[in-house]
Amino acid sequence: MVSPCAVCASLGKACCKGYQIYLTPGDVARISDYLNSSDFYTEEPPVLTDIAPDYDPLWLPMIMSEDRQVRVLKRGDDKLCSLATDKGCLLPLDRRPLVCRLFPYYYLEDSILGIDAACPISQDCNWRTVLNRMDMDEVKAKSWVDLLYQEIRNKEEAFCLPCL
């Protein structure tokens, strides 16, 4: 079975196109280890239009540095994530940024709220089944939410890969 994400990527409609993809310190450690490089991210001012109006109100203050910057994946001139290809992400699921692993789930720190209407699978009445087949079930998503907020709250800590 071809993943719905690969279909979107092949059509140039990847969910990461045009958006800042925030990276936790743990994301940076996992991706750096996999790529053997740290030239995949940058720090820049947050693009407020990238944040959904009903997002977690604690999100932006938690991810911004003191100089009001956020750590994000680099993007090309086409505004597509530098790690995206026409077959999907270059990274295996366990090395992808936590916010990428979580999409299309819509969440707050303490709960999974549903699925983002921007994802084409949201139109499928069996979207839970689709996500389960993609190994993205709600239990796993909740563990990713927990890890995401843990890494955001401990942004000054050094992360070691075996600990994650």
Side-chain angles (χ1 to χ4, degrees), residues 4-5 8 13-35 38-75 79-84 89 91-123 127-128 130-132 134-164:
C5 298
C8 286
K13 297 182 179 186
C15 54
C16 54
K17 187 171 186 168
Y19 293 99
Q20 287 180 314
I21 306 297
Y22 171 73
L23 299 173
T24 70
D27 290 331
V28 171
R30 286 183 291 275
I31 298 168
S32 293
D33 180 65
Y34 182 79
L35 297 176
S38 60
D39 189 35
F40 56 87
Y41 72 94
T42 186
E43 292 192 8
E44 56 190 48
V47 176
L48 300 179
T49 55
D50 284 359
I51 301 171
D54 51 353
Y55 79 105
D56 183 342
L58 301 175
W59 178 256
L60 190 58
M62 283 193 294
I63 67 169
M64 276 195 330
S65 64
E66 289 181 14
D67 59 350
R68 304 187 60 76
Q69 303 285 304
V70 291
R71 184 184 321 103
V72 296
L73 284 172
K74 287 183 177 178
R75 296 178 287 166
K79 298 293 185 190
L80 187 61
C81 164
S82 62
L83 299 175
C89 185
L91 301 172
L93 186 63
D94 67 338
R95 298 301 177 110
R96 290 182 192 163
L98 290 165
V99 295
C100 295
R101 290 186 221 181
L102 280 161
F103 192 82
Y105 285 104
Y106 191 75
Y107 55 89
L108 295 174
E109 182 172 9
D110 59 355
S111 61
I112 301 290
L113 301 175
I115 188 168
D116 193 311
C119 181
I121 71 167
S122 69
Q123 306 306 309
W127 61 263
R128 281 189 170 89
V130 173
L131 288 173
N132 287 342
M134 293 171 61
D135 199 23
M136 294 175 61
D137 62 78
E138 199 165 321
V139 171
K140 187 174 283 186
K142 181 60 176 121
S143 72
W144 292 333
V145 168
D146 293 344
L147 183 57
L148 174 68
Y149 279 88
Q150 175 189 352
E151 290 183 6
I152 290 170
R153 292 188 184 288
N154 298 316
K155 61 183 163 189
E156 301 305 320
E157 285 184 18
F159 285 86
C160 60
L161 290 170
C163 300
L164 302 174

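As the structure is a computational prediction, the values presented were derived from the model and not from experiment. Only heavy atoms go into these numbers, but all of them, side chains included; no hydrogens, no water, no symmetry mates.
For the atom pair CG of Leu58 and CD1 of Ile63, the computed distance is 12.0 Å after rounding to the nearest 0.5 Å. In this structure, the separation between CG on Asp137 and NZ on Lys142 is 13.5 Å, given to the nearest 0.5 Å. Between Tyr106 atom OH and Leu113 atom CG the span is 6.5 Å, to the nearest 0.5 Å. Here CH2 of Trp144 is found 6.5 Å from CG of Leu102. Values are rounded to the nearest 0.5 Å.
Side chain of Ser143 to main chain of Lys140: a donor-acceptor pair is present (N/O by atom type, distance under 3.5 Å, no hydrogens or angles). Of the possible polar contacts, one joining the Arg96 side chain to the Leu91 backbone as a donor-acceptor pair under 3.5 Å is found. In this structure, the side chain of Tyr105 engages the main chain of Glu138 through a donor-acceptor pair within 3.5 Å. Put simply, the side chain of Asp27 gets close to the backbone of Thr24: a donor and an acceptor are under 3.5 Å apart.
Look at Asp33 and Arg30 and you find no salt bridge, because none of the NZ, NE, NH1 or NH2 atoms lies under 4.0 Å from a carboxylate O.
By the side chain to side chain contact (heavy atoms under 4.5 Å, CB included) test, Glu43 pairs with Gln69, Arg71, sequence neighbours left out. Remark: Thr42 pairs with Glu44, Val72, Lys74 by the side chain to side chain contact (heavy atoms under 4.5 Å, CB included) rule, at least two apart or across chains.
Counting heavy atoms from C-beta outward, Tyr149 and Trp59 have side chains that approach closer than 4.5 Å. Between Tyr22 and Pro97 the shortest side-chain heavy-atom distance does not fall below 4.5 Å. Side-chain contact check for Val99 versus Leu23: every heavy-atom pair is 4.5 Å or farther apart. Phe40 places a side-chain heavy atom less than 4.5 Å from the side chain of Ile31. Contact check for Pro46 versus Gln20: side-chain heavy atoms found under the 4.5 Å cut-off. Annotation: side chain of Pro45 is not in contact with side chain of Val70 (no heavy-atom distance under 4.5 Å).
If you check the side chains of Asp94 and Tyr34, you find no donor sitting under 3.5 Å from an acceptor.
Residues in residues 101-113 take part in these salt bridge (charged side-chain N to carboxylate O under 4.0 Å, His left out) pairs, two or more places apart or across chains: Glu109-Arg153.
Shown here is Tyr19, whose OH atom has no more than 12 heavy atoms of other residues, nucleotides or ligands within 6.0 Å.
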Criterion side chain to side chain contact (heavy atoms under 4.5 Å, CB included) on Ser38 and Val28, from CA distance to verdict: CA-CA 8 Å; Ser38 60; Val28 171; 5.6 Å; no
Stepwise side chain to side chain contact (heavy atoms under 4.5 Å, CB included) check, Tyr41 with Ile21: CA-CA 9 Å; Tyr41 72 94; Ile21 306 297; over 6 Å; no
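Here the closest non-hydrogen pair linking Pro104 and Leu131 is CD-CD2, 3.9 Å.
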